[in-house]
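The structure appears below as structure tokens.
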2 protein chains.
Amino acid sequence: MAKADTKERILEVTAELFQRYGYNGSGLKQIVTNANATFGSVYHFFPGGKQQLGVEVLRRSGQMYLELAETIVGGASDVATGVRHFFLGAAEVLRQTGYLDACPIETVALEVASTNEALRQATADVFESWITGIGALFTAAGIGEEKARDLAIVVITAIEGAFVLSRAARTTEALERAGTYAAAIVQAALDGIEP
Amino acid sequence: MAKADTKERILEVTAELFQRYGYNGSGLKQIVTNANATFGSVYHFFPGGKQQLGVEVLRRSGQMYLELAETIVGGASDVATGVRHFFLGAAEVLRQTGYLDACPIETVALEVASTNEALRQATADVFESWITGIGALFTAAGIGEEKARDLAIVVITAIEGAFVLSRAARTTEALERAGTYAAAIVQAALDGIEP
DNA sequence: CGCCCACTAGATAGAACGATCTAGTGCCGA
DNA sequence: TCGGCACTAGATCGTTCTATCTAGTGGGCG
């Protein structure tokens with residue numbers, strides 16, 4: 001067990017720490033301790049240091065979270081219901097983890113937006129991949145491409161914003177309300193109503 | 001000029017740094033330098049250290065931002081138009097500051113949500129005051145109290161989420177799209193349509 | 001005038017930060 | 001069997017962090 005892929009353990013632990021405490025709040029020392037690794041290992045696998053580790057973690061977390069979203073949203077009877085399920089599922093995870101686990105890249109995105117171009121670009125790429133991925137689900141449900149992109153942006157902004165309020169208040173109220181309205185907006189688009 | 005209220009200068013500078021770089025990203029040294037103050041001054045006015053300074057800055061910024069929102073939203077011909085104006089105004093400010101100035105407390109809120117109870121409570125109080133304040137504008141426009149609160153939550157989550165995407169992408173697209181849909185939701189409530 | 005206290009000034013402590021370095025371990029193929 | 005290389009181990013460097021400390025300065029009030 002101690003030998004099992006050190007690089008993988010570092011990535012997993014860092015992803016968890018970033019999600020909970022952000023980039024500046026996650027020290028290399030804590031990463032090394034939690035991953036049962038050493039400084040040598042970190043700089044062997046990530047010669048670019050903390051920044052390179054950060055970029056790889058963001059990419060990885062971004063892809064995993066998109067896959068989760070696609071599974072839940074695409075797995076429901078219709079996309080509007082799927083969107084609703086995703087918000088409620090996120091609320092449940094947040095509550096069960098003591099309001100620790102929300103979006104895996106949001107905190108980092110805000111922290112580095114104006115201080116680290118490489119990391120900022122990584123977070124921008126992740127959000128764009130989410131917009132494209134969720135938008136594809138909407139077009140597959142019969143919504144026009146341009147409108148599907150707009151809807152995807154609205155749904156993603158809603159959940160990101162709801163995470164902020166819910167984590168601060170330690171309440172799932174924001175996620176529940178935002179989920180209701182996001183689902184309604186998607187339903188209206190399915191019904192062909194213009195915004 | 002150097003004598004003019006040192007405490008005020010510290011608060012102003014810290015508010016600006018928090019907004020742009022977050023709590024962990026804003027060092028006391030940088031605060032002291034930018035405010036043309038000294039460590040002694042900071043610990044004289046804020047004996048509780050960085051945490052106390054943070055709490056006061058959050059309260060202050062939260063109140064100022066609410067007043068700005070109330071002015072813009074309440075100053076339009078109707079609240080739906082006001083909401084739209086606020087999103088577009090925020091987009092303009094963001095663009096003009098090189099994607100630096102978004103929400104004054106959002107970054108800090110995410111950073112401290114799981115690490116500092118006093119600061120977390122301060123951010124929660126600010127968000128709650130926003131919900132109450134914006135909700136009051138909606139009830140004044142003829143919307144029922146319960147629905148007004150839900151609408152306020154949705155509008156605030158929308159703008160917070162849009163700030164995340166817009167700062168990361170260095171584009172105002174998210175703010176514009178979220179603003180359009182947020183205004184539409186408020187308009188629907190004014191028209192008496194259920195979500 | 002002269003004292004007092006709010007405030008300034010900046011050196012310094014002590015811990016944590018990211019990063020680098022030299023040794024050393026152990027597996028794998030020739 | 002042995003050489004090489006991927007990887008581990010952890011001491012250490014210089015910096016930065018928050019916080020504290022002593023020594024002052026200066027303006028208003030008795």
Side-chain angles (χ1 to χ4, degrees), chain A residues 1-58 107-108 111-112 114-120 122, chain B residues 1-58 107-108 111-112 114-120 122:
Chain A
M1 58 147 212
K3 191 53 59 68
D5 226 1
T6 303
K7 181 174 183 179
E8 195 62 23
R9 283 200 322 276
I10 293 173
L11 285 168
E12 275 175 26
V13 163
T14 307
E16 184 180 284
L17 291 173
F18 277 9
Q19 182 173 27
R20 300 180 172 187
Y21 312 116
Y23 185 79
N24 295 316
S26 304
L28 235 35
K29 186 176 177 178
Q30 193 178 3
I31 290 170
V32 156
T33 302
N34 288 21
N36 205 29
T38 66
F39 283 88
S41 300
V42 171
Y43 281 87
H44 171 74
F45 293 113
F46 309 96
K50 193 184 182 185
Q51 174 177 302
Q52 183 188 341
L53 171 59
V55 169
E56 293 193 29
V57 163
L58 289 174
T107 307
V108 177
E111 282 179 292
V112 305
S114 305
T115 54
N116 188 313
E117 179 56 20
L119 286 169
R120 195 223 99 227
Chain B
M1 60 148 213
K3 190 54 57 69
D5 227 1
T6 304
K7 181 175 182 178
E8 196 62 24
R9 284 203 319 278
I10 292 173
L11 285 169
E12 275 174 26
V13 161
T14 306
E16 184 180 284
L17 290 173
F18 277 9
Q19 181 171 27
R20 299 180 173 187
Y21 312 116
Y23 186 79
N24 295 317
S26 304
L28 238 33
K29 186 176 176 179
Q30 193 178 2
I31 291 170
V32 157
T33 303
N34 289 20
N36 204 30
T38 65
F39 284 88
S41 301
V42 171
Y43 281 86
H44 172 75
F45 292 113
F46 309 96
K50 193 185 182 184
Q51 174 177 302
Q52 183 188 342
L53 171 59
V55 168
E56 292 193 28
V57 163
L58 289 173
T107 307
V108 177
E111 281 179 292
V112 304
S114 305
T115 54
N116 188 313
E117 179 55 21
L119 287 168
R120 195 224 100 225

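Predicted model only: the values in this text are computed from it and were never measured. Just so it is clear: chains get the letters A, B, ... in the order the sequence lines come, proteins before strands, and each one is counted from 1.
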Pair A/E12, A/R9 - check side chain to side chain contact (heavy atoms under 4.5 Å, CB included), show working.
CA-CA 5 Å; A/E12 275 175 26; A/R9 283 200 322 276; 5.6 Å; no
Which salt bridge (Lys or Arg N to Asp or Glu O under 4.0 Å) pairs, counting each pair once, include a residue from residues 28-46 of chain A, with sequence neighbours left out?
none
Can you measure A/N36 atom CG to D/dC7 atom P for me and round it to whole angstrom units?
17 Å
Specify the closest pair of heavy atoms between B/V55 and B/A122, including all atoms of both residues, with the distance to one decimal.
CG1-CB, 4.3 Å
What residues 39-54 of chain A contributes to the DNA chain C interface at heavy-atom separation below 4.0 Å is A/F39, A/Y43, A/G49, A/K50
For residues 28-58 of chain A, the ring-ring contact (aromatic ring centres under 6.0 Å, His included) pairs (sequence neighbours left out) are none
Would you say the side chain of B/I31 lies within less than 4.5 Å of the side chain of B/L53, judging by non-hydrogen atoms?
yes
ring-ring contact (aromatic ring centres under 6.0 Å, His included) partners of residues 8-36 of chain B, not counting sequence neighbours, each pair once:
B/F18-B/Y23
Minimal non-hydrogen separation, A/A15 against A/V57, with atom names:
CA-CG1, 3.5 Å
Contact under 4.0 Å: A/T6 side-chain N or O vs D/dT8 OP1/OP2
yes
Return the set of residues passing side chain to side chain donor-acceptor pair (under 3.5 Å) with A/E111 (not counting sequence neighbours), or none when no residue passes.
A/N24
Using a 4.0 Å cut-off on heavy atoms, which residues in residues 15-28 of chain B reach DNA chain D? List them by number, or say none.
B/S26, B/G27, B/L28
